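Please read the structure below before turning to the comments.
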Amino acid sequence: MNTTDLNLSDLFSNRFFRIPDYQRGYAWGETQLTDLWEDLEDIAIDQGKYRPHFIGTISLQELNVSQLSTPELQVSQDGKKFYNIVDGQQRLTTISILLFEVIKRLPLKRRKDLISQYIYINQKPRVYRFAYSSIDNNNNLYLIREIFEEEKVCSARSNVYTNNLIRAKNFFQEKLKTLKQDKINELYTKIVTALFFDVKYIGNNLDVQSVFETMNNRGKPLTTLEKLKNRLLYLCSKLPSGNDIQGLSSTINRSWGNVYEWLGRNVEAMLNEDEFLSAHLTLLRVPQDYIYSEQMAEQKVFRMFCNRAINYNYSDTRGQHENAKKEPAVTYKKIYDYAVDLDNFVPYWYKIHFPDTKTEDGIRLLKIQALNGSKEMKLFLAKILSLASKKPDKVSECLSLVEKIVFRDTIPGIGLMDERSFATKARSLHLGDITLDDLNDELRSSLSTPCNKQSLIAGFRNLFNYQRGNIGFHRWSGLKYFLFEYEDSLRGKQLAHLTWEQYDNTSIEHIMPKNYSENWQNEMSEYLSDKHFSPEEEYKAKNIILNSLGNLTIIQNIKNSELGNNKWSIKKEAYSKGCFSEIEISSTTAWNPWSSQAIYLRGKKMLSVLTSLLGTLNLSLKDIEDLLFYEKKYI
């Protein structure tokens, strides 16, 4: 590794830079951008020139001519060299964005030469000084079109990385728009003459990958996923001769490139890399507790891939003996299989976070995760989804069964499965220990377990006694899901007013509000008028009537905040323009005006929908009263 210190002017004098596909995309945010800007502001003049400011390390690997495109080959004939940025792409990306914005604001007569020196060679097609390795890479298309403003390039898809690029451009535009021309000139001089880089030239990247398992200067810490890529590439170089080391390193780089692409595909936020890695690892090894935590996954995966892997246990179950199965040694096949498996799994991990809601299975994925959004469930669903291309009908059946089971698991007293066991089933499917048919048979058998009516009643009644929040049905974890199901039951074949895609933008509304004293005192007094309760019983009665099933409905968040504790006439008018549940509340004659009797009648109707969801469950009038109001005296 040869090292030299260069300022930006020297760095760009004879070099073109490429970001390899296997690198993560642009990740700097406002904190890092502000740090850089403040560094530039603080650079002072000393003896007639700006003091050097060390900006960090850039590690480069020269590309050979076989790796260059035809336009790049033409440029290289003039003695120019092309380099992959092995480390430091975040800094160099940021400075390239800033420099482009500054050059745009310099006098026209200077602009042409500076564009050629720092941004692109103006031939057809243009050859950019700084870009991604693949011309058709989505991030590269976005960089060229939106950041460097070449309109002839086709549009690119927005993702979390492109959002970061445009935010950096906007950040610098805001900073520059208030500067006068003399300050723009000064800033340009600072950037190209005062910023110094520690430039390292790497002859063989396989020998130095472990160097980059460190934190970047002024950047973001490397994730476990990034460090693991470096580790695998490093281990490639240690394999015995005769292995296709270059082919294996290409497989690793290609896999990691795909992983970063999928994890960053959504425009809002990148999926957590280490959560994905720990979930995937659970498909391959047995953790202590159903699924690997991110911390345990980091420890495990670096034990799997180290020179002394055979010293560590294969699984992490508790209480293992000394003669427990050990990790196999690191081989070409072990590295290859892992990289390919990770690559194959990532599209499904993305798709369960962002389901295709135009399909029934996509809606089911939303509904299941509304009930159980744990990492165990996400892992299970991603594994199930990976089987859809070969067994679409079986996958649909499985998702339908799982939805029913998970809903039943939310109901106190009649649960069927420990939610964490879904991670174990995902691993069994992945390793071929069970088939999808086996799993569906098991799920059907579990669902056939009859609902114990008394356990169900006791479970719901206990929600009114729970010490940390005796708020009855409002405490039921499956309530919001059920209210959406009730909405669907009212909709029939009509177009939906409120869809499952809006689930996170809705909340649960108390029709008679919790703060009833402001506008609902008469309704509460009427309910209590002939009960002759003790003070303790009256307190409980108020809590029960407010949190009984019939007094709860689904409503959009913005509407919920507007209605608040308003009186019935105002709420009724608002409900008349709402979803089917709201319209039913406002228009049913027997429920007007809203009262304890209306809460009772609506609750009975809602329980009929609940029993239909649970299958064979017959409730007597007393059962219904016990479910809705704890005891007869509170009806």
Side-chain angles (χ1 to χ4, degrees), residues 1-2 4 6 8-23 25-26 58-89 91-93 95-97 99-100 103 111-156 161 165 192 197 199-208 233 244-254 256-258 260-261:
M1 188 181 291
N2 299 315
T4 185
L6 297 174
L8 200 73
S9 176
D10 293 332
L11 185 67
F12 273 77
S13 65
N14 198 39
R15 298 169 188 83
F16 286 65
F17 305 98
R18 298 293 178 258
I19 302 172
D21 290 342
Y22 60 80
Q23 295 258 27
Y26 183 62
I58 295 180
S59 301
L60 305 174
Q61 182 192 24
E62 186 175 351
L63 295 169
N64 59 51
V65 292
S66 65
Q67 296 172 288
L68 303 182
S69 66
T70 300
E72 289 171 340
L73 276 173
Q74 294 172 352
V75 171
S76 70
Q77 291 172 359
D78 294 333
K80 304 293 192 298
K81 294 184 178 181
F82 288 77
Y83 294 87
N84 266 344
I85 306 171
V86 180
D87 186 48
Q89 64 124 328
R91 287 183 294 281
L92 206 50
T93 305
I95 291 170
S96 295
I97 295 171
L99 192 54
F100 178 76
I103 291 172
R111 236 176 276 169
K112 184 177 180 181
D113 289 341
L114 295 179
I115 286 289
S116 178
Q117 185 176 353
Y118 294 108
I119 309 301
Y120 58 78
I121 300 297
N122 196 17
Q123 60 180 43
K124 293 186 179 180
R126 291 176 179 173
V127 177
Y128 279 82
R129 293 262 182 184
F130 176 87
Y132 290 82
S133 292
S134 297
I135 297 174
D136 295 331
N137 177 290
N138 183 78
N139 294 342
N140 189 62
L141 294 174
Y142 193 94
L143 178 73
I144 303 305
R145 180 182 175 88
E146 304 299 336
I147 306 304
F148 294 147
E149 301 176 5
E150 184 181 342
E151 295 180 354
K152 294 180 180 179
V153 174
C154 62
S155 298
Y161 306 122
L165 288 170
V192 299
F197 301 84
V199 184
K200 299 180 183 297
Y201 299 94
I202 302 169
N204 182 351
N205 71 314
L206 296 180
D207 288 331
V208 296
L233 289 170
D244 181 11
I245 295 175
Q246 194 59 49
L248 183 55
S249 65
S250 296
T251 297
I252 294 167
N253 287 332
R254 184 170 55 252
W256 256 253
N258 289 337
Y260 292 137
E261 163 66 18

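Here the structure is a predicted model, which means the values were calculated and not measured.
Of the possible polar contacts, one joining the R15 side chain to the D10 backbone as a donor-acceptor pair under 3.5 Å is found. Of the possible donor and acceptor atoms, none in the side chain of S116 sits under 3.5 Å from a partner among the backbone N and O of K112. When atom types are taken as modelled, the side chain of Q89 and the backbone of Y26 share no donor-acceptor pair closer than 3.5 angstrom. Under a 3.5 Å cut-off, the side chain of N140 and the backbone N or O of I135 do form a donor-acceptor pair.
Shortest non-hydrogen contact noted between S13 and K80 is O-CE, 4.2 Å. Nearest heavy-atom pair across P20 and N84 is CG-CG, 3.7 Å. What you find for V86 and Q61 is that their closest heavy atoms are CG2-CB, 4.0 Å. Of all non-hydrogen atoms in V65 and L73, the two that sit nearest each other are O-CD2, 3.8 Å. The heavy-atom pair separating V127 from E72 by the smallest distance is CG1-CG, 4.2 Å. For the residue pair L141 and C154, the shortest heavy atom distance occurs at CD1-SG, 3.9 Å.
The closest side-chain heavy-atom distance from E149 to F100 is below 4.5 Å. Looking at heavy atoms from C-beta onward, F12 lies in side-chain contact with R129 at the 4.5 angstrom threshold. Looking at E146 and L165, their side chains never come closer than 4.5 Å, going by heavy atoms from C-beta outward. Side-chain contact between I19 and N137 is absent, with no heavy atoms from C-beta onward closer than 4.5 Å. Within the 4.5 Å cutoff, the side chain of V153 has no heavy atoms near those of the F148 side chain. A heavy-atom distance below 4.5 Å is not found between the side chains of N139 and Q23. With contacts defined as side-chain heavy-atom distances shorter than 4.5 Å, the pair N138/Y161 does not qualify. No side-chain heavy atom of I85 sits under 4.5 Å from any side-chain heavy atom of T93.
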**Request:** Walk me through it: do S9 and Y118 pass the test side chain to side chain contact (heavy atoms under 4.5 Å, CB included)?
**Result:** CA-CA 8 Å; S9 176; Y118 294 108; 3.6 Å; yes

**Asked** Please walk me through it: do E150 and Y120 pass side chain to side chain donor-acceptor pair (under 3.5 Å)?
**Response** CA-CA 11 Å; E150 184 181 342; Y120 58 78; over 6 Å; no

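For the atom pair I115 CD1 and N122 CG, the distance stands at 9.5 Å (nearest 0.5 Å). Atom CD1 of I147 and atom OH of Y128 lie 11.5 Å apart (nearest 0.5 Å). In this structure, CZ on F197 lies 4.5 Å from CD1 on I58, to the nearest 0.5 angstrom. Rounding to the nearest 0.5 Å gives a distance of 7.0 Å between CG of L8 and CG of L92. Rounded to the nearest 0.5 angstrom, I245 CD1 and L233 CG are separated by 11.5 Å. Atom CG of residue D244 and atom OG of residue S250 lie 8.0 Å apart, to the nearest 0.5 angstrom.
F16 has its ring centre less than 6.0 Å from the ring centre of F82.
Sequence neighbours left out, not one pair with a member in residues 136-145 passes salt bridge (Lys or Arg N to Asp or Glu O under 4.0 Å).
More than 12 heavy atoms of other residues, nucleotides or ligands shown are found within 6.0 angstrom of CD on Q123.
Considering only residues two or more places apart in sequence or on other chains, Y83 meets the ring-ring contact (aromatic ring centres under 6.0 Å, His included) condition with Y201.
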